[in-house]
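Some notes on the structure that comes next.
Heads up: numbering here begins at 1 and tracks the sequence. Just so it is clear, the structure is predicted and the values come from calculations on it, not from any experiment.
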Amino acid sequence: EDYHASGEYELMQRINSLEYANATLLSKIQRMESERELHDSKKKVDLQLEEYDNDPDRLRGKEKKLGRLTMLNDQLMAQMEGLESAIEAKEDTLNAQNEIIVELSAQKRQLQMENANLTKRCVGYAQEQDRAWGLYRVQGERMAALWEFNQQVTLAMIAETDVPAA
């Protein structure tokens, strides 16, 4: 058997090209199998979704749940409106109370000023009374001194006139 270098080269190229074609075909086969698996999975999911969407019991359950949630929402909205009304009433009451506090504070200041004026007048009257009592005391002491002097003069006059001449 004769050996031909050019024949070996051709065979090597042919083997290389067949190996490349084989690898390409294998990757295509794998990709197609993956695509088939994905397609089958998608079909299964689509069927499940269709069954799920067409399930009347599930839809009725959702409708009931939606109805309950709507009713609860309406109740909460009514409560919120009631709370808002209560808050507004409390704010009105608070504002009225604040106005009363302002008015009473003004009256308190006025009464404090009047009290201070009355206290000054009372202190003045007390000082005047103390001064008057002091004058009364001095007058009383003078009266007592005059009374004593009068008694002594009277006694002296009685003594001189009642004394028999000896």
Side-chain angles (χ1 to χ4, degrees), residues 16-155:
N16 286 338
S17 109
L18 286 175
E19 285 178 349
Y20 177 76
N22 189 26
T24 304
L25 288 174
L26 284 175
S27 69
K28 281 184 179 181
I29 290 171
Q30 287 176 347
R31 189 186 74 216
M32 288 174 72
E33 285 177 355
S34 296
E35 286 176 1
R36 187 182 311 127
E37 287 175 8
L38 286 174
H39 185 69
D40 290 344
S41 295
K42 184 180 181 270
K43 278 186 178 178
K44 286 180 185 178
V45 168
D46 286 341
L47 285 173
Q48 287 174 347
L49 284 175
E50 189 176 321
E51 288 174 9
Y52 186 74
D53 287 340
N54 292 330
D55 184 12
D57 292 334
R58 187 190 64 77
L59 292 176
R60 271 185 249 130
K62 294 289 183 185
E63 287 173 0
K64 286 180 184 178
K65 188 173 184 178
L66 180 61
R68 285 192 307 266
L69 290 173
T70 303
M71 187 175 68
L72 179 62
N73 188 40
D74 292 342
Q75 289 173 352
L76 290 174
M77 291 301 289
Q79 285 178 356
M80 281 179 48
E81 288 174 8
L83 290 174
E84 287 173 354
S85 297
I87 288 171
E88 287 175 5
K90 296 291 182 184
E91 285 176 348
D92 292 343
T93 302
L94 182 62
N95 289 335
Q97 288 174 345
N98 284 338
E99 290 174 8
I100 291 170
I101 287 171
V102 167
E103 183 180 327
L104 289 176
S105 294
Q107 289 177 1
K108 178 183 174 186
R109 280 190 298 278
Q110 184 180 2
L111 288 173
Q112 286 173 334
M113 289 173 48
E114 191 174 324
N115 187 26
N117 289 335
L118 289 174
T119 301
K120 286 178 187 177
R121 286 175 57 191
C122 285
V123 167
Y125 290 145
Q127 289 173 346
E128 182 64 29
Q129 187 178 16
D130 286 346
R131 190 181 68 77
W133 281 111
L135 289 175
Y136 288 141
R137 194 173 47 255
V138 168
Q139 290 294 333
E141 290 172 1
R142 284 184 185 166
M143 291 272 293
L146 281 173
W147 180 258
E148 189 176 319
F149 177 71
N150 187 22
Q151 284 183 347
Q152 288 176 0
V153 169
T154 304
L155 284 175

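- Distance check, rounded to the nearest 0.5 Å: SG of C122 to CG of N115 gives 9.0 Å.
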- Message: E103 vs E99, test: side-chain contact (heavy atoms from CB on, under 4.5 Å). Steps then yes/no.
- Response: CA-CA 6 Å; E103 183 180 327; E99 290 174 8; over 6 Å; no
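- Separation of atoms CG (N73) and CE (M80) is listed at 9.0 Å; rounding is to 0.5 Å.
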- Task: Apply the test side-chain contact (heavy atoms from CB on, under 4.5 Å) to residues L118 and R121: give CA-CA distance (whole Å), side-chain angles for both, the deciding distance (0.1 Å), then the verdict.
- Result: CA-CA 5 Å; L118 289 174; R121 286 175 57 191; 4.0 Å; yes
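- Of the inter-residue distances, the one linking D74 atom CG with Q79 atom CD reads 11.5 Å to the nearest 0.5 angstrom.
- Taking OG of S105 as the start and CD1 of I100 as the end, the distance is 11.5 Å to the nearest 0.5 Å.
- A donor-acceptor pair is defined here as one N or O able to donate and one able to accept, closer than 3.5 Å; such a pair exists between the side chain of N95 and the backbone of E91.
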- Task: Please test L38 against K42 for side-chain contact (heavy atoms from CB on, under 4.5 Å), starting from the C-alpha separation and ending with a verdict.
- Result: CA-CA 6 Å; L38 286 174; K42 184 180 181 270; over 6 Å; no
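- Two residues are said to be in side-chain contact when any heavy atoms from C-beta on lie closer than 4.5 Å; T24 and K28 meet this criterion.
- The distance from atom CG of L18 to atom CG of L25, rounded to the nearest 0.5 Å, is 10.0 Å.
- Taking OH of Y136 as the reference point, atom CZ of R131 lies at 10.0 Å (rounded to 0.5 Å).
- Heavy-atom contacts from other residues, nucleotides or ligands closer than 6.0 Å to CD of E148 number 12 or fewer.
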- Might you work through the side-chain contact (heavy atoms from CB on, under 4.5 Å) test for T154 and Q151, ending with a clear yes or no? CA-CA 5 Å; T154 304; Q151 284 183 347; 5.6 Å; no
